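As the structure is a computational prediction, the values presented were derived from the model and not from experiment. Below, chains carry the letters A, B, ... as their sequence lines are ordered, and counting in each starts from 1.
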Amino acid sequence: MHNMEISWAFRELADLLEFEGEDFFKIRAYRRAAKVIAGLDEPVEKLYRQGRLGKVPGIGKNILAKTGELIEKGEMAKLQELRRKWPPTIPEVMALPGIGPKRARFLYEQLGVASLDGLEEAAREKKIRALKGMGVKTEQEILRSIELVRSRAGRILLPLARELAREMADCVREAPGVFQVHVAGEIRRWEEIVEEILLVAAAEEPEPVLNVLAAHRRVREVLVRERDRIRVHTWWGVPVELRVAAPGGYGAALLLATGSREHIRRLMEYARERGLAEDRAAAGPAQEERAGMFAAWAGNITLQPAGASTGKNAYWKAAISPDRHPVQNTDPLAPVPGAPLPPEEEEIYRRLGLWPVPPELREDREELEAAARGEPPRLLEVGDIKGDLHVHSDWSDGANSILQMVKRAREKGYRYLAITDHSRSLGVARGLSLERLQEQHRLIRELNESEEDFRILTGTEVDILARGGLDFPDEVLAETDVVVASVHSGFRQDRDTLTRRVLEAVENEHVDIIAHPTGRLLGEREAYDLDVERVIEAAAKHNKILEINSSPDRLDLNAHYARLARDHGVKLAINTDAHDLRRLDEMIYGVAVARRAWLGPEDVLNTMDLPDLLKLLGRK
DNA sequence: GCCGTTTTCGGCCCGACTGTTTTCAGTCG
């Protein structure tokens with residue numbers, strides 16, 4: 001059983017218990033377990049079988065037993081009991097912003113509302129406003145939220161998509177006759193949100209490969225099946241499509257499956273204009289047919305004589321030549337951003353007289369024009385990153401100690417790490433008081449004495465207060481290595497007020513970085529109403545750094561604004577905002593955003609060596 | 001329900017905001 005399935009079971013259990021009015025701390029324990037399990041590096045099942053699961057913090061006797069039930073029997077008695085007792089759609093009502101357990105219960109008891117559909121109907125019939133404690137505003141807010149939730153149904157964030165794609169691709173790779181598999185589509189382009197998972201496999205015989213996917217235990221229903229293509233609906237709620245190409249046509253198939261649609265369209269136009277692709281387009285053939293023609297042309301490219309391949313990954317390995325920049329992870333199923341293209345695909349661009357366009361740039365944002373002109377840009381790579389300038393420790397709401405975070409940072413090859421715990425106003429996150437902050441900074445200075453070739457930077461993530469101003473006085477910030485400022489309250493203030501708050505932080509001489517500048521939480525919360533252009537202009541004027549927050553549910557700034565910032569001469573910092581060890585690894589997502597924004601190492605603060613970094617931050 | 005170099009019970013998450021009130025409950029970060 002997948003970790004995510006177990007995590008979801010505990011989350012559902014917590015939701016239903018909360019609806020029942022169960023003890024707050026018990027619910028919190030289940031939620032925490034769900035979070036811990038989702039964040040584990042190893043399969044829960046393995047830990048369980050080896051008797052190590054009980055040692056994981058947050059997992060005690062009871063949760064261990066319930067997890068065992070899930071693993072052994074595939075279900076949990078307590079959860080099934082609750083599902084029988086209450087309508088199973090209750091959690092979707094509680095998940096709505098503004099509706100918690102109390103209101104969900106109240107709506108259920110007063111109106112019999114137990115699902116989004118039911119709630120929407122009640123709101124449209126103006127029944128909500130008649131209830132005690134609710135009014136017209138609440139009713140309208142409910143309708144708005146429902147619309148938002150509906151619009152994001154069936155869309156998942158990139159890390160989960162990568163994990164699911166990997167699981168499916170792993171099984172395809174073992175299918176008879178398959179010698180190469182890639183994850184393509186949105187995932188390969190590193191889009192923030194994924195609507196479908198696309199896989200491409202190379203094999204002479206498609207039939208047995210398609211059969212393997214059709215029989216996968218996550219597959220609920222086969223939606224489309226053709227000779228060399230299958231599209232299925234999965235347990236995860238996301239469609240998965242597998243295309244099987246003959247080895248000779250693999251490059252073209254991968255290229256076509258990676259997209260985007262506009263990039264492919266332009267690429268085919270480009271090929272036709274140069275007489276490089278068959279042109280039967282005069283009569284206006286459908287997209288698919290044109291793609292087919294292009295594939296037929298591109299498919300003629302064979303790089304190696306048949307039989308030259310010595311194994312499944314031979315093509316892949318051939319692509320990694322020593323003159324490339326170092327790439328840490330070249331697993332084709334879950335690569336890091338900047339992993340090399342397979343040579344068959346690369347060759348198609350070369351034959352068209354273009355440099356091979358990295359998947360992250362295939363969005364029809366002038367990448368073909370650039371590719372037709374000179375040299376490819378030197379885009380940022382994971383290996384360029386020399387440190388992380390925004391992480392949390394167990395001094396505030398992080399899970400790990402400073403030393404644990406430092407150890408992992410060193411293992412990642414970093415040269416520095418800034419510990420930026422929350423400031424005093426952020427109560428929930430156990431924000432540091434002035435005294436605690438200074439105590440922490442003293443400790444860090446001590447720890448640095450025994451660190452060689454590595455520097456722990458003192459820092460703070462200082463709140464930009466709702467009433468304006470910063471949460472710590474200037475003289476304290478002046479003595480801090482890295483001051484990261486960010487908004488955590490007053491999200492609903494109007495554009496002027498919010499922009500003014502952020503501008504004030506930009507103008508403060510002690511602030512170095514504005515973190516997650518727009519405050520969006522993908523799939524959860526819209527960005528607050530901020531005039532980002534003005535913030536970028538101010539950052540340029542005051543030499544301030546803007547963050548690309550790598551957390552996959554933030555990715556903030558996004559590629560659009562990151563590019564705009566760069567064009568204004570603003571440097572970006574790519575930080576993880578990690579609250580535990582594992583999330584230090586999320587740097588890849590921020591790097592992908594930077595690549596999608598066409599950033600190179602020179603545009604990014606934390607590619608700098610420590611002395612240059614300190615100099616730029618104006619530190620004494 | 002979990003946890004313990006304050007260890008088998010008692011503590012763990014509090015303050016701001018919102019929409020609804022007329023003094024506050026519910027939600028959220």
Side-chain angles (χ1 to χ4, degrees), chain A residues 9-11 13-37 53-69 76 78-79 82 93-110 123 128-142 144-145 392 394 396-399 401 421-433 461 463-468 471 486-494 497-498 501 515-516 519-521 524-528 551 553-554 577 579:
Chain A
F10 280 115
R11 215 165 57 183
L13 182 66
D15 284 347
L16 290 170
L17 286 174
E18 196 175 27
F19 182 75
E20 278 200 329
E22 186 45 280
D23 173 59
F24 167 81
F25 293 105
K26 189 191 275 195
I27 289 156
R28 198 181 63 168
Y30 282 129
R31 290 242 160 85
R32 197 165 56 179
K35 207 171 151 189
V36 166
I37 287 169
L53 186 60
K55 295 192 173 62
V56 174
I59 304 212
K61 238 172 79 182
N62 184 296
I63 290 177
L64 181 65
K66 285 188 164 57
T67 308
E69 250 185 283
M76 186 201 301
K78 181 71 186 168
L79 183 56
L82 289 167
V93 175
M94 282 202 303
L96 220 55
I99 302 217
K102 300 277 169 61
R103 279 186 172 169
R105 186 71 184 261
F106 187 61
L107 288 163
Y108 179 61
E109 281 165 356
Q110 295 292 312
I128 306 288
R129 64 181 68 176
L131 294 175
K132 189 163 177 261
M134 301 199 204
V136 179
K137 276 193 178 172
T138 309
E139 191 173 272
Q140 283 168 345
E141 190 61 31
I142 283 172
R144 274 222 338 243
S145 306
H392 297 271
D394 55 8
S396 67
D397 59 346
S401 69
D421 277 309
H422 290 287
S423 59
R424 55 190 172 185
S425 286
L426 210 60
V428 252
R430 304 200 308 129
L432 269 52
S433 66
E461 179 175 11
D463 244 56
I464 298 172
L465 300 171
R467 59 170 187 273
D471 199 15
S486 59
V487 170
H488 289 102
S489 58
F491 297 119
R492 294 209 208 176
Q493 292 173 349
D494 62 65
T497 314
L498 255 161
R501 278 167 71 193
H516 43 77
R520 71 171 179 175
L521 286 178
E524 263 181 69
R525 187 176 74 207
E526 297 291 317
Y528 37 70
S551 181
D553 60 351
R554 288 192 182 270
D577 195 0
H579 284 68

When rounded to the nearest Å, what value does the distance between [atom1] atoms of [N] and [M] take?
N	M	atom1	value
B:dT8	B:dT23	C1'	43 Å
B:dC14	B:dT22	C1'	25 Å
B:dC9	B:dG19	P	47 Å
B:dG15	B:dC2	C1'	25 Å
B:dT20	B:dA25	C1'	9 Å
B:dG11	B:dA16	C1'	24 Å

Using the ring of each side chain (for Trp, its six-membered ring), is A:His488 parallel, tilted or perpendicular to A:His516, with breaks at 30° and 60°?
->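 Perpendicular, since the angle between the ring planes exceeds 60°.
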Touch class at under 4.0 angstrom, heavy-atom based, for [X] against every strand present:
X	result
A:Lys61	sugar-phosphate
A:Phe491	sugar-phosphate
A:Val36	nothing
A:Ile59	sugar-phosphate
A:Ala466	sugar-phosphate

Can a side chain N or O of A:Thr138 be found less than 4.0 Å away from OP1 or OP2 on B:dT20?
-> yes
Does A:Arg28 place a side-chain N or O at less than 4.0 Å from the phosphate oxygens OP1/OP2 of B:dC13?
->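 A:Arg28 to B:dC13 OP1/OP2: side-chain N or O found under 4.0 Å.
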How long is the line joining [atom1] of [X] and [atom2] of [N], in whole Å?
X	N	atom1	atom2	value
A:Arg105	B:dT27	CZ	P	13 Å
A:Arg31	B:dC13	CZ	P	16 Å
A:Ile464	B:dG29	CD1	P	18 Å
A:Leu465	B:dC17	CG	C1'	15 Å
A:Arg492	B:dT18	CZ	C1'	7 Å
A:Lys132	B:dA25	NZ	C1'	9 Å
A:Asn62	B:dT8	CG	P	21 Å
A:Glu20	B:dG1	CD	P	12 Å

The answer to which of A:Gly100 and A:Leu131 contacts DNA chain B further toward the 5' end, by nearest nucleotide, is A:Leu131
The answer to which of A:Gly135 and A:Pro97 contacts DNA chain B further toward the 5' end, by nearest nucleotide, is A:Gly135
Would you find more than 12 non-hydrogen atoms of other residues, nucleotides or ligands less than 6.0 Å from A:Glu526 atom CD?
->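 It does not: A:Glu526 CD has 12 such atoms or fewer within range.
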A:Arg129 atom CZ, over 12 foreign heavy atoms within 6.0 Å =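 Yes, enclosed.
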Examine the side chains of A:Asp463 and A:His422 and answer whether a donor and an acceptor come within less than 3.5 Å of each other.
->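 The criterion, which ignores hydrogens and geometry beyond distance, is not satisfied for A:His422 and A:Asp463.
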Ring stacking, A:Phe25 with base of B:dC12, under 5.5 Å and under 30°?
-> yes
Watson-Crick or G-U wobble mate for B:dC28, both contacts under 3.5 Å =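 When the pairing criteria are applied, B:dG15 turns out to be the nucleotide that pairs with B:dC28.
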Charged N to carboxylate O below 4.0 Å: is that the case for A:Arg520 and A:Asp553?
-> no
Taking the side chain from A:Thr138 and the backbone from A:Met134, do they hold a donor-acceptor pair closer than 3.5 Å?
-> no
Proximity to the side chain of A:Tyr30 - top-ranked nucleotide from B:dT27, B:dT20, B:dG1 |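 The listed nucleotide nearest to A:Tyr30's side chain is B:dG1.
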